[in-house]
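Everything quoted here is computed from the prediction, not taken from an experiment. Below, chains carry the letters A, B, ... as their sequence lines are ordered, and counting in each starts from 1. The figures that follow rest on heavy atoms only: side chains count, while hydrogens, waters and symmetry mates do not.
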Number of protein chains: 2
Amino acid sequence: MDLRSIMGIYILGRCMCKMVTLKDVAKSAGVHPSVVSRVVNNDDGLHIKEDTRRRILDTIKELNYRPNQSARNLKKNETKMLGMVIPDFSNPVYASIIHGAEDQAAMENYNLLVYSMKQKGLKKNYFSHLLEDRIDGLLIANSESDDTEILELQKTNKPFVLVNRLINGINNYVVLNDELGGKLATKHLTELGHKRIAHITGPLFTGTGLRRFQGYRQGLREADIEFNSSHVQESEYTVESGYASMQKLLNLPELPTAIFASNIMICLGAMRAIYDKGLSIPEDISIVGIHDTFFGSSLFPSLTTVKMPLYEMGAESVKKLIASIKGDERENGQGLTIKEASLIVRDSTRELD
Amino acid sequence: MDLRSIMGIYILGRCMCKMVTLKDVAKSAGVHPSVVSRVVNNDDGLHIKEDTRRRILDTIKELNYRPNQSARNLKKNETKMLGMVIPDFSNPVYASIIHGAEDQAAMENYNLLVYSMKQKGLKKNYFSHLLEDRIDGLLIANSESDDTEILELQKTNKPFVLVNRLINGINNYVVLNDELGGKLATKHLTELGHKRIAHITGPLFTGTGLRRFQGYRQGLREADIEFNSSHVQESEYTVESGYASMQKLLNLPELPTAIFASNIMICLGAMRAIYDKGLSIPEDISIVGIHDTFFGSSLFPSLTTVKMPLYEMGAESVKKLIASIKGDERENGQGLTIKEASLIVRDSTRELD
DNA sequence: TTGTATGCGTTATCAC
DNA sequence: GTGATAACGCATACAA
């Protein structure tokens, strides 16, 4: 290493760290850049003398060479990045999905770029822009945005996967067995002897809300309990809306003895409403929710809930997306429903006297 | 548009969407690519005939041209992406920080790439790799990782900012006024007449845990209450650890009448421990936490807590990081402490009889 | 087994 | 005002 290069690197004591390139490695190892490239990429099929490989590998380490991603991206026309759109980071449901997605992505050498819809100054055609700008594929895990915008994405040549969401005509999706979830919750209550079981649904224009509702009806049916529409309140997936819906149920002439809340936010709101009315859980009213969050067992009383495989859904979505990116047509256009769902019994439900 | 190009675009009915490049736009608009580039980049100083500009802009719209980010990145040696390391997506505290960071990043035309330390198969030197691979700068918001690894980062030419964390010798940080937070929590309790106020601290090797503890002592001092070390339990920032710590406090010969929990996780654990012991909040024991999360008002009882400006901290961190990237040396090496903190009184604390 | 040549799409520095 | 040209760092088809 000569004086000039040292001077190039240190200017006024601040490390400018001029990037080490393939060429530098090649020169230092006394080979042609393309050979270095092949070694770096573990290009099998192309055999490289063991001696040269060693020498190159050593030089790489010595110079601390790291390939320039941007150059790679440009050359190979891929970014090894996946996008993911979620409604809101503070929603614990999405935290689990992200976790699964991130793990799977890392395992397959991709990075996950998560965008929340709460982001300020969100533009129209946000998805398309995303997809065409930086990422190789997109996971769409938000329930709110307009279907038409998503349908537009099909005009792009880049793949996307719907996560926990269904849209007519789009078959790249991964969803949960929400119907089973709703049924498990409801059956738990019927098995405890409850008859007047109310359901606070999610928005019924969402697949999750609707399917959990169907599970509820199925659960009632299997217990030979007649469906009573006054026991159903449609709510948004928010604490506030859950609270309001519960209040309506509490104004019924004959109070329900049990509540099935369609998600954790609704559930929190409903519990608060019950307390504010001066009633106790589970003494006066049992309640069961959907989704097992980190604070479920910290609530008072701890929450009986249905655990849905959110982590797995995240991971499977990434698998599917990467398969699409790699052009695996078997994966493309085949929806996946993850079957499992399980009841976690805690203290918010009790047997009816 | 001639037949050949159409054939190039559609193969077997599937849109291959061959990327539209600068060249395509140039050819179609009858100018040289470099002119298009200047228009796209709003290159002021270089004047472009209004007529040409219009024509180019129209062509861009018509062909739906979008600049190739990878090429830009390569050329300009920047990615317009910021990395952010957090311990865990499911921690609601970080959700707020991310939200603020994401907003600010979007406003300054950056993307935010969030990595959790829970990610599977995390390698050594993870931070350095991150920093050199894809991003222009890094926000480090995790409290766990080794200081030495972070000190290593200084050898890189890319900037980073510590978020909610202090390390000796590193002055690029944004932190909260945790001492004030601790003091506010404690003073609230003293003002309610409590004398035996226990504190479940965070890990005392973390700046946050330590400073909140100092705030606690200061709060006691200002109320002329003598510090009692048996009233202090050190805990991790987890529900389980908070539970265990509270159990120890509940075994004291003389029970504390109030608890200050150093964060929301600890707080949840402590509340559960109190209930499991058969005691009531706030009748038997008052409790106040740090951080206002979406479920704070949904807990039973709703939680009195200190609201810290997490969102702002996220936003400020990004501002600082981008300033560093742009080479603004005033920003570089100047720590920032966000002063505000405010008490939110709910139902988990009450006046001592 | 290794070297050569070319180009990915863009921007910057020229010259005209 | 606009056009020509080179270069960013890498990967790959092809030649040797």
Side-chain angles (χ1 to χ4, degrees), chain A residues 8 16-57 59-60 63-80 109 132-134 136 157-158, chain B residues 8 16-57 59-60 63-80 109 132-134 136 157-158:
Chain A
M16 298 303 284
C17 294
K18 195 173 141 305
M19 172 177 270
V20 180
T21 71
L22 266 188
K23 264 189 200 163
D24 300 328
V25 176
K27 201 190 296 176
S28 179
V31 294
H32 194 273
S34 59
V35 185
V36 181
S37 172
R38 291 190 280 251
V39 169
V40 168
N41 293 294
N42 259 322
D43 244 333
D44 292 325
L46 298 178
H47 290 283
I48 285 158
K49 221 200 297 177
E50 202 43 43
D51 175 44
T52 343
R53 155 169 275 125
R54 268 257 64 79
R55 193 152 32 92
I56 292 178
L57 253 23
T59 317
I60 286 177
L63 299 187
N64 192 25
Y65 164 74
R66 322 220 63 232
N68 178 312
Q69 281 298 333
S70 301
R72 274 195 163 160
N73 294 345
L74 173 60
K75 187 70 194 172
K76 306 182 70 167
N77 195 27
E78 64 175 16
T79 63
K80 286 282 183 183
N109 264 307
E132 300 191 18
D133 280 359
R134 299 189 165 295
D136 293 338
N157 61 340
K158 289 191 185 169
Chain B
M16 298 304 285
C17 292
K18 195 173 143 306
M19 173 178 270
V20 180
T21 70
L22 264 189
K23 267 188 197 163
D24 300 328
V25 176
K27 200 190 298 178
S28 179
V31 292
H32 194 273
S34 56
V35 186
V36 181
S37 173
R38 291 190 280 253
V39 170
V40 168
N41 292 294
N42 261 321
D43 243 334
D44 292 326
L46 297 177
H47 291 282
I48 284 158
K49 220 197 300 177
E50 202 44 43
D51 176 44
T52 342
R53 157 169 273 122
R54 268 257 65 78
R55 195 153 32 93
I56 292 177
L57 252 23
T59 316
I60 285 177
L63 299 186
N64 191 27
Y65 165 75
R66 324 219 62 232
N68 179 313
Q69 281 298 334
S70 300
R72 274 195 165 159
N73 293 346
L74 173 60
K75 188 70 192 171
K76 307 182 73 165
N77 196 27
E78 64 174 20
T79 63
K80 287 283 183 181
N109 264 309
E132 300 192 18
D133 280 359
R134 300 190 165 296
D136 293 337
N157 60 341
K158 290 190 185 169

In whole angstroms, the gap separating C1' of C/dT10 from CG of B/Asn68 amounts to 8 Å
Check whether any side-chain nitrogen or oxygen of B/Thr52 sits under 4.0 Å from OP1 or OP2 of D/dG1, and answer yes or no. no
With rounding to the nearest 0.5 Å, note down the distance linking NZ in B/Lys75 to OG in A/Ser70. 13.0 Å
A/Lys80 NZ to D/dC10 C1', straight-line distance once rounded to whole Å: 16 Å
On DNA chain D, nearest-nucleotide positions of A/Leu22 versus B/Lys49: which is more 5'? B/Lys49
In whole angstrom, give the distance that lies between atom CG of A/Asn73 and atom P of D/dC8. 18 Å
Side chains of A/Arg72 and A/Asn41, heavy atoms from C-beta outward: is any pair under 4.5 Å? yes
State the CZ-CD1 distance between B/Arg38 and B/Ile48, to the nearest 0.5 angstrom. 6.0 Å
Rounded to whole Å, please give me the gap between CZ in A/Arg54 and C1' in C/dT1. 18 Å
Round to a whole Å and report the spacing from CZ of B/Arg53 to C1' of D/dT2. 13 Å
What about B/Lys75, does its side chain sit under 3.5 Å from the base of C/dA12 through a donor-acceptor pair? no
For the CZ atom of A/Arg134 and the CG atom of A/Asp136, what is their distance to the nearest 0.5 Å? 12.5 Å
Check whether the side chain of B/Arg38 and the base of D/dG3 form a donor-acceptor pair under 3.5 Å. yes
Remember a base hit wins even if backbone is also touched, and classify B/Val31 as base, sugar-phosphate or nothing at under 4.0 Å, heavy atoms. sugar-phosphate
Option among A/Thr59, A/Ile56, A/Asp24 that satisfies the side-chain contact (heavy atoms from CB on, under 4.5 Å) test with A/Val36: A/Ile56
Remember a base hit wins even if backbone is also touched, and classify B/Pro33 as base, sugar-phosphate or nothing at under 4.0 Å, heavy atoms. nothing
Verify the contact: side-chain N or O of B/Asn41 to OP1 or OP2 of C/dT11, cut-off strictly under 4.0 Å; return yes or no. yes
In whole angstrom, give the distance that lies between atom CD1 of B/Ile48 and atom P of D/dG3. 10 Å
When you measure from the side chain of B/Leu74, which nucleotide among C/dT10, D/dC8, D/dT2 comes out closest? D/dC8
When the distance from NZ of A/Lys76 to P of C/dG7 is rounded to whole Å, what number comes out? 20 Å
B/Asn109 to B/Lys80 - nearest heavy-atom pair and separation: O-CD, 3.6 Å
Bend across the helix from C/dT1-D/dA16 to C/dC16-D/dG1, to 10°, with axes taken over 5 pairs at each end? 40°
Pairwise distance CD(B/Gln69) to CG(A/Asn73) - rounded to 0.5 angstrom: 10.5 Å
Are OP1 or OP2 of D/dG3 and a side-chain N or O of B/Ser34 less than 4.0 angstrom apart? no
Are OP1 or OP2 of D/dA4 and a side-chain N or O of B/His32 less than 4.0 angstrom apart? yes
If you compare all heavy atoms of B/His32 against all heavy atoms of B/Ala26, which two are closest, and at what distance to 0.1 Å? C-CB, 3.8 Å
Rounding to an integer number of Å, can you tell me how far B/Tyr65 OH sits from C/dG9 P? 10 Å
NA contact type, A/Thr21, heavy-atom cut-off 4.0 Å: base, sugar-phosphate, or nothing? sugar-phosphate
